[in-house]
Amino acid sequence: MSAGSPREGQAQAPAPQDRGPAGNGGLSRISRATHLKEALLRNAFLVCACVAVAGVTLIFVFVGYQGWPIFAKLGIGEFLGGRVWYPTKGLFGILTLVVNSLLAMAGGLVLGAPLAVGTAVFLSEVASPRVREVTRPAVELLAGIPSVVYGFFGLVLLRPIIARVFGGLGFGLFTVWVILGVMIVPTIATLTEDALRSVPEGIREASYAMGATKWQTIWRVLLPAARIGIIDAVILGMGRAIGETMAVVMIAGNAPVIPDSIFKPFLTLTTVIVMDMPYASGDHRTALFGVAIVLFVISMIFVASIRVISRSRGEGD
Amino acid sequence: MRRRSRVVLLLAGLVALAMTAGCSVGGPAQQKLTVTGSTTILPIAEASADMYQAAHPGTRILVAGVGSSQGIESVSQGTSDIGTSSRELAPEEKKLGLVDTKIALDAIAVIVNPSNPVRALTMQQAAAIFERRITNWSQVGGHDMPIGLVNRDEASGTRDAFSKIVLKGRDFDRTAAVLPGTGQVRAVVTESPGAVGFISLGFVDRGVKAVAIDRIRPTEATVADGTYPISRVLHFFTKGQPKGLAKAYIDFVLSTPVQDAVVRDAGFLPIDKALK
Amino acid sequence: MTDKLASQDPGDVLSAGADKFTVDGLDFFYGAFNALSGIDVRIKEHAVTAFIGPSGCGKSTFLRCLNRMNDLIPGTRCEGKVRLDGHDVYGPGVDPADLRRRVGMIFQQPNPFPMTIYDNVAYGPRLHGMRKRADLDAVVEESLKRANVWKEVKDILGRGGLTLSGGQQQRLCIARVLAVEPEVLLMDEPCSAIDPTSVQKVEDLMAELKDRITIVIVTHNMQQAARVSDYTAFFLQELAGEAAHLIEFDRTATLFTTPRDRRTEDYITGRFG
Amino acid sequence: MRSLERVDKRLTNGLALGVIWLAAITTVAALGAILLYVVVNGIGSLTPAFIFTWPHGVNMEGGIWPTIQSTVYVTALAMLITTPVAVLAAVYLAEYAVQGRLVRTIRFAADSLASVPSIVMGLFGLAAFVEGAGLKFSVLAAALALSFLLLPIVMRTTEEAIRSVPRYARWGSYGLGATKWQTVSRIVLPSATPRITTGVILAAGRAAGETAVVIYTMGTMINAPLFPSDGGRTMPVHLMLLAQDGINLHAAYGTALVLVLMVLAFNIVARWVSRRNRSMQG
């Protein structure tokens, strides 16, 4: 059968629709079956996508239902504004816990963010491929380590060192800052690196072409260009830091007061839950669910602010 | 498509591993006993439960350490067969008709760092320290060093007993560190020169120094004869007289081998010597 | 450039041939931007029609209107009449999948699937229900032969499609389309990314397919248009941001020797574009 | 003046790059310190007996087998629940979704779920599944709660994997008259599967290391779960309780090491799958 000979003599390839070379009459209508199947599948996928929305709603409903009475009983002002958290005496003011959580997060950021951005810049701009081949898996592995291992490490190694060096018991904001700082590095570093990598190559070349050093290029051109991505990463890091529980509860010392030094024990929104939950009942248990609502709202605020920032950049999805 | 089936295979393998492993160890349970309550008593309850189950196959004893109050509440509601508690019943709890079986004695030692020269405290000084009315070791004959208070979590029976006996129900200082376990208290006191805390006498080791209270050093003898002031009784509560598996288990715990091995191993004092 | 044309017999009167595609008053929008406006053209059946014009003049976009591939780009809109054998392609209830089966497409960048050569070609028939191994073997061999690549791959059908050279990959893609027996073959600058020998092979196979399949080829290479096509359409976007128009459409011989419109003449004599 | 300015510029450049190197070194050093500490202290207790026997005695001497089984069980069950939903949701977002309010809501919900603190997810599991649905402390309740935590993670990696399938591969399929589902199921998903598998395995690593969610949904009773309705104590919870107790540090270090090794294994398998895919793609 020489190549390209016309196919008149050829047996028709048995295809479902009759398709002679001259083409059949009209364009076939979408067969009901395929149309239905496609529509069915599309809706099934939509339902799966909506499970995420259902998830958030369910959390609000269930956690909200359990925690709502404390807001009703004390009123948001009293609950959020109350300075004293003393469950056995029926005092459920969580202002102290909110302040402590913010202090812990802030310190963690001050340590973690520069470390993370520095590592990200190193990975995307400075490291040679061979070095990058080692460093990136290290950062990813750092992200993989369970937070309870971070806490345990903090408790048995870091705390005694800080106790010996700075005096006191080793618990306190400083210890938490160190551990949180290390924990949020992977979160911020990977996102920052993505932001840096999405900066078009041409911008770097243009800057170098004008005689700028690597650092000038990074500082004056790259970081500003990736600014929005970095801010998003830092905000996500904040969310991770304020939501951390297991690592913090082992090294914070859990005293329900605002500590008068960074080496004194303190209690946060997350650690009060894990400390009190096993034995809390009645109003105390409701208050803990109330704290969970506050934590959930804070994390939503962070997500919303990322959305606002990225939309202000006019970046379409 | 070949590749997608491999992913499903991987996940199914994971579950199968878990399922088959499960069958080899846990067998179906005929008699079941739930024992919930004090974290202090948890070690005793679990260890004796394991020994009992080993000796009586077919029985399953599930033990949970959720705190004395929770233990008392769940045994009175019937969600558990035995409620363990390291504190006396509160007035309103006495009305629940619970039968008390004393199973061991616990002496609470006030511990300091070995380098701390302080060897003895009066009950009032101990109370003043834990209420932060005394803040520096020099005020009780030690070096000029701030006192680092280490307290236990509110669910702890040890803390509750210490509060009743030493502080006479007054409040602990709220800036004290709150630690969830005996071992952590001991570790912190071992590593921090200015720290002070309280743990069961049985857990005192060379890393810490137990302080004499009102000139009586905490030893088995002084606890047994009742002269050491900070001690408490450990209770097994049941709804009505213990019967069936609950009674068998309680008798087992009170038996000499368990008292000498398990109770002592957990740092407590066997009940038979003291109160006989 | 002109002597090349002379060898083609200007007097060769192609059979009038029926109109495969009739396009009237076609406008195309990317969101609000009117990319193409007022396109009227007749694509002759069993002939090669070339779309030429400077890059960015919308010739590829128009090509994608013919088999509704633009539907896949969100925010696009196509107005006006596009009829295949007299039936409106954008009519209600028309199954775009069936339309695309009958109006196959070859892309500028060769895009074989990450599968074996055999599976690449068998993909189409399998889509439309062909199961039996014997049938598949026949269609695969037949299509690879018609795509002028059988000799080079017949012993390595089990190897990955992506391991072939650029030219071979493009012909594999052609074979893949031929396997579903299209009536029309749209080719979007098929030869711009492949080696010269493969270009020659593609042009040869176009000449052979022409008598049974209608071919429309977009190219910015005028010599190629002159060589392979029977009819040529010249598109132009005069002002940036303005819609592109069809300037002139005629037999290739006529358009290249005696263009009616000055802008066509300027373009084909290389004065711009 | 000119040469001074050049020296100064080069100096700051060197200095700045040094600081960047320092940041990277500190990060890797932190990882090294944690791994080294856990391995050095844990290797001693890593005996077959420690792995395959049950804890016994007052301070949980002996092995940690039931906690390993609990961890594997809840992780596998959570992945079985999450993966299908997450993959199909990602298919919707990557292939079917039209830009609009609905898609923005879904993305916002997914991001919110991803940033929910695990302690809040734990309480949600307690309120919704343990008490609400009456599942009591069980592997199923824990797996359900975990699946909400993992959903956004697997959704994001799957969507990225799907979007990384080149557009012209899809158009090649559409060009042959394939329907959307035929194209997705025969071209897009198969070529995205290696990256999806990597995402799923990394998510499993996250689930295995989770404590706060599991402690309120599976309980803390030492038990080798057989049926989804059984409770159990996972390794992270066991580590937490050992650390809180502070008596049996020997077992705590051992558990920490086994946990880290498990997470390490997940990471290595994930990396191996993605590298194998890259070579096959070529």
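Note that the structure is a prediction, hence the values are computed from the model and not measured. Residue numbers begin at 1 in each chain, while the letters A, B, ... track the order of the sequences.
- At least one side-chain heavy atom of D/E131 sits less than 4.5 Å from a side-chain heavy atom of A/Q66.
- For the residue pair A/E140 and D/N267, the shortest heavy atom distance occurs at O-OD1, 4.5 Å.
- For D/I119, the parts sitting under 4.5 Å from any heavy atom of chain A are the backbone and the side chain alike.
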What donor-acceptor contacts under 3.5 angstrom involve side-chain atoms of residues 144-157 of chain A, with partners at least two apart or in another chain?
from, atom 1, to, atom 2, distance (Å)
A/S147, OG, A/E244, OE2, 3.4
A/Y150, OH, A/L142, O, 2.8

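- Annotation: side chain to side chain donor-acceptor pair (under 3.5 Å) contacts of A/T271 (sequence neighbours excluded): A/T268.
- The OG atom of A/S299 lies 11.0 Å from the CG atom of D/D111; values are rounded to the nearest 0.5 Å.
- Residue D/I106 comes nearest to A/C50 through the heavy atom pair CD1-SG, 4.3 Å, listed as atom of the first residue, atom of the second, then distance.
- Rounding to the nearest 0.5 Å places OG of D/S118 at 10.0 Å from CG of A/L295.
- For D/I215, no part lies under 4.5 angstrom from a heavy atom of chain A.
- Heavy atoms closer than 4.5 Å to chain D are found in both the backbone and the side chain of A/V53.
- Both the backbone and the side chain of D/F108 come within less than 4.5 Å of a heavy atom in chain A.
- Heavy-atom pairs under 4.5 Å with chain A peak, among D/T27, D/V19, D/V263, at D/T27.
- In this structure, no portion of D/L22 lies under 4.5 Å from any heavy atom of chain A.
- For A/R136, no part lies near chain D; criterion is any non-hydrogen pair under 4.5 Å.
- The number of heavy-atom neighbours closer than 6.0 Å to CZ of A/R220, taken from other residues, nucleotides and ligands shown, is 12 or below.
- In this structure, no portion of D/V87 lies under 4.5 Å from any heavy atom of chain A.
- The nearest pair of heavy atoms linking A/F289 to D/A127 is CE2-CB, 4.0 Å.
- The part of D/V91 that comes within reach of chain A is its side chain, from C-beta onward, which places non-hydrogen atoms under 4.5 angstrom from that chain.
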Set out, in order, the CA-CA distance, both residues' side-chain angles and the distance that settles side chain to side chain contact (heavy atoms under 4.5 Å, CB included) for D/W181 and A/F45, then state yes or no.
CA-CA 11 Å; D/W181 172 244; A/F45 301 149; 3.2 Å; yes
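- Both the backbone and the side chain of A/R42 come within less than 4.5 Å of a heavy atom in chain D.
- Interface summary for chain A: among D/V260, D/I25, D/T179, the most heavy-atom pairs under 4.5 angstrom belong to D/T179.
- Side-chain contact between D/L123 and A/F296 is absent, with no heavy-atom pair separated by less than 4.5 Å.
- D/Y216 touches chain A through its side chain: at least one heavy atom from C-beta onward sits under 4.5 Å away, while N, CA, C and O do not.
- Only the side chain of D/Y37 has a heavy atom closer than 4.5 Å to any heavy atom of chain A.
- Between chain D and the options A/T57, A/T213, A/L288, heavy-atom pairs under 4.5 Å are most frequent for A/T213.
- In terms of non-hydrogen atom pairs under 4.5 Å with chain D, the most contact-rich of A/I242, A/I293, A/V51, A/L123 is A/V51.
- How far OG of D/S115 is from CD1 of A/I298: 11.5 Å, rounded to the nearest 0.5 Å.
- In this structure, the portions of D/N13 lying under 4.5 Å from any heavy atom of chain A include both its backbone and its side chain.
- The minimum heavy-atom distance linking A/C48 with D/L88 is given by the pair SG-CB, 3.7 Å.
- Of the listed residues (A/A54, A/A49, A/A212), the one with the most heavy-atom contacts under 4.5 Å to chain D is A/A49.
- Atom CE of A/M183 and atom CD1 of D/I34 lie 9.0 Å apart (nearest 0.5 Å).
- Contacts between A/P137 and chain D at a heavy-atom distance below 4.5 Å involve backbone atoms as well as side-chain atoms.
- In this structure, no portion of A/A127 lies under 4.5 Å from any heavy atom of chain D.
- D/L126 touches chain A through its side chain: at least one heavy atom from C-beta onward sits under 4.5 Å away, while N, CA, C and O do not.
- Residue D/A86 does not touch chain A at all, counting heavy-atom pairs closer than 4.5 Å.
- Heavy atoms closer than 4.5 Å to chain A are found nowhere in D/A208, neither backbone nor side chain.
- Of the two parts of A/V139, only the side chain, counted from C-beta on, holds a non-hydrogen atom closer than 4.5 Å to a non-hydrogen atom of chain D.
- Note on D/A243, D/G14, D/A128, D/A110: by heavy-atom pairs under 4.5 Å with chain A, the leading option is D/A128.
- Nearest heavy-atom pair across D/K9 and A/G211 is NZ-O, 3.0 Å.
- Neither the backbone nor the side chain of D/P152 comes within contact range of chain A; no heavy atom of the residue lies under 4.5 Å from a heavy atom of that chain.
- Both the backbone and the side chain of D/V85 come within less than 4.5 Å of a heavy atom of chain A.
- Results of the side-chain contact (heavy atoms from CB on, under 4.5 Å) test with D/L31 over A/L141, A/T135, A/V185, A/V182 single out A/L141 as the only residue that passes.
- For A/I218, the part sitting under 4.5 Å from any heavy atom of chain D is the side chain, from C-beta outward, and nothing else.
- Residue D/K180 holds its NZ atom at 8.5 Å from CD of A/E38, rounded to the nearest 0.5 Å.
- Annotation: the span from A/L46 atom CG to D/Y96 atom OH amounts to 11.5 Å, rounded to 0.5 Å.
- Between D/W21 and A/F122, the ring planes are perpendicular. Angles over 60° get that label, and only those under 30° would be called parallel.
- Your options are A/A304, A/G239, A/P114, and the one with the most heavy-atom pairs under 4.5 Å with chain D is A/A304.
- Within a 6.0 Å radius of OH in A/Y65, no more than 12 heavy atoms belonging to other residues, nucleotides or ligands are found.
- Note on A/I59, A/V56, A/L41, A/T245: by heavy-atom pairs under 4.5 Å with chain D, the leading option is A/I59.
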